[in-house]
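Following: one structure in structure tokens, then a few remarks.
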Number of protein chains: 2
Amino acid sequence: MKNTIKIERARHNLTQANLAEKIGVSRQSINAIEKGKFIPSTVLALKLAKLFNASVETLFLLEDDD
Amino acid sequence: MKNTIKIERARHNLTQANLAEKIGVSRQSINAIEKGKFIPSTVLALKLAKLFNASVETLFLLEDDD
DNA sequence: TTAAAAAGTAAAGTTTATTTTACATTTTGG
DNA sequence: CCAAAATGTAAAATAAACTTTACTTTTTAA
């Protein structure tokens with residue numbers, strides 16, 4: 001599973017810390033998700049998509065091994 | 001968080017058991033998700049959306065308390 | 001109406017997401 | 001260049017997702 005959070009974050013001029021704050025998770029969670037260390041819950045994915053005016057499908061991409 | 005899995009499952013004529021099999025989780029997981037007992041991971045949400053030709057956003061609806 | 005299938009539920013266990021704290025490295029702006 | 005901000009990382013703890021087993025209740029079809 002890939003995601004484009006880092007890119008969207010750049011487009012929206014947000015740091016990991018302020019994205020985390022807006023979404024209501026810790027900064028380390030954002031970092032870990034960006035780095036592919038774990039996959040967020042659907043609630044988090046929906047919140048991120050909403051914030052970025054994107055779909056969950058464009059933000060998170062299924063891969064063969066998922 | 002609400003979801004419309006039960007409805008989509010009906011539209012696609014699938015039992016909890018065969019949906020579970022197609023998605024690769026246990027039947028109890030499908031049941032628990034339908035009953036709102038827990039919120040699936042983003043991978044699961046994407047797989048369900050794909051199977052149902054729906055978007056994650058239409059399948060899973062954020063609520064105020066999320 | 002009855003047997004079979006499907007759905008609901010529950011407890012115990014495993015795995016994975018997420019937090020907290022804390023520190024190291026990298027990037028950025030003055 | 002230098003300080004501050006941002007990012008990376010890691011360990012320990014907690015919460016939540018998910019599995020397995022097993023049993024009960026409800027629905028469906030013959």
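Chain identifiers are assigned alphabetically (A, B, ...) following the order of the sequence lines, protein sequences preceding nucleic acid strands; residue numbering begins at 1 within each chain.
In terms of phosphate contacts, B:Asn31 brings a side-chain nitrogen or oxygen within less than 4.0 Å of OP1 or OP2 of C:dG8.
Put simply, the side chain of A:Phe52 does not reach to within 4.5 Å of the side chain of A:Ile7, judged on heavy atoms. Under the 4.5 Å side-chain criterion, counting only non-hydrogen atoms from C-beta, A:Leu51 is in contact with A:Leu14.
Residues A:Ile33 and A:Phe38 approach most closely at CG1-CE1, 3.6 Å, considering heavy atoms.
Across all strands, B:Ser41 comes closer than 4.0 Å only to sugar-phosphate atoms, never to a base (heavy-atom distances).
Environment of CG in B:Asp64: sparse, with no more than 12 heavy atoms of neighbouring residues, nucleotides or ligands closer than 6.0 Å. Other residues, nucleotides and ligands contribute at most 12 non-hydrogen atoms within 6.0 Å of the NZ atom of A:Lys6.
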Test side-chain contact (heavy atoms from CB on, under 4.5 Å) applied to B:Lys50 and B:Lys47, step by step: CA-CA 5 Å; B:Lys50 188 177 183 182; B:Lys47 285 184 180 177; 5.7 Å; no

Trace of the side-chain contact (heavy atoms from CB on, under 4.5 Å) decision for B:Val56 with A:Phe60: CA-CA 11 Å; B:Val56 173; A:Phe60 294 92; over 6 Å; no

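At whole-Å resolution of the value, CG in B:Leu44 and C1' in C:dT15 are 14 Å apart. Rounded to whole Å, atom C1' of C:dT19 lies 12 Å from atom CD1 of A:Ile33. Between B:Phe38 atom CZ and C:dG13 atom P the separation is 18 Å, expressed in whole Å. Going from atom CD1 of A:Ile39 over to atom P of C:dA17 covers 6 Å, rounded to whole Å.
Remark: A:Thr15, A:Gln16 in residues 11-20 of chain A come within less than 4.0 Å of DNA chain D through at least one heavy atom.
A donor-acceptor pair is defined here as one N or O able to donate and one able to accept, closer than 3.5 Å; such a pair exists between the side chain of A:Asp66 and the backbone of A:Met1. With hydrogens and angles ignored, the 3.5 Å screen pairs no side-chain donor or acceptor of A:Ser41 with any backbone N or O of B:Ser41.
In this structure, CG in B:Asn3 is found 9.5 Å from OG1 in A:Thr42, a value given to the nearest 0.5 Å.
Screening B:Asn53, B:Leu59, B:Thr58 for a side chain to side chain contact (heavy atoms under 4.5 Å, CB included) with B:Ser55, the sole residue that qualifies is B:Thr58.
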Enumerate the protein-to-nucleotides 21-30 of chain C contacts in which both atoms are nitrogen or oxygen and the separation is below 3.5 Å.
from, atom 1, to, atom 2, distance (Å)
C:dT21, O4, A:Gln28, NE2, 2.7
C:dA22, N6, A:Gln28, NE2, 2.8

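For DNA chain D, the contact window with chain B, defined by any atom under 4.0 Å from a protein heavy atom, covers D:dA17 to D:dA22 in 5' to 3' order.
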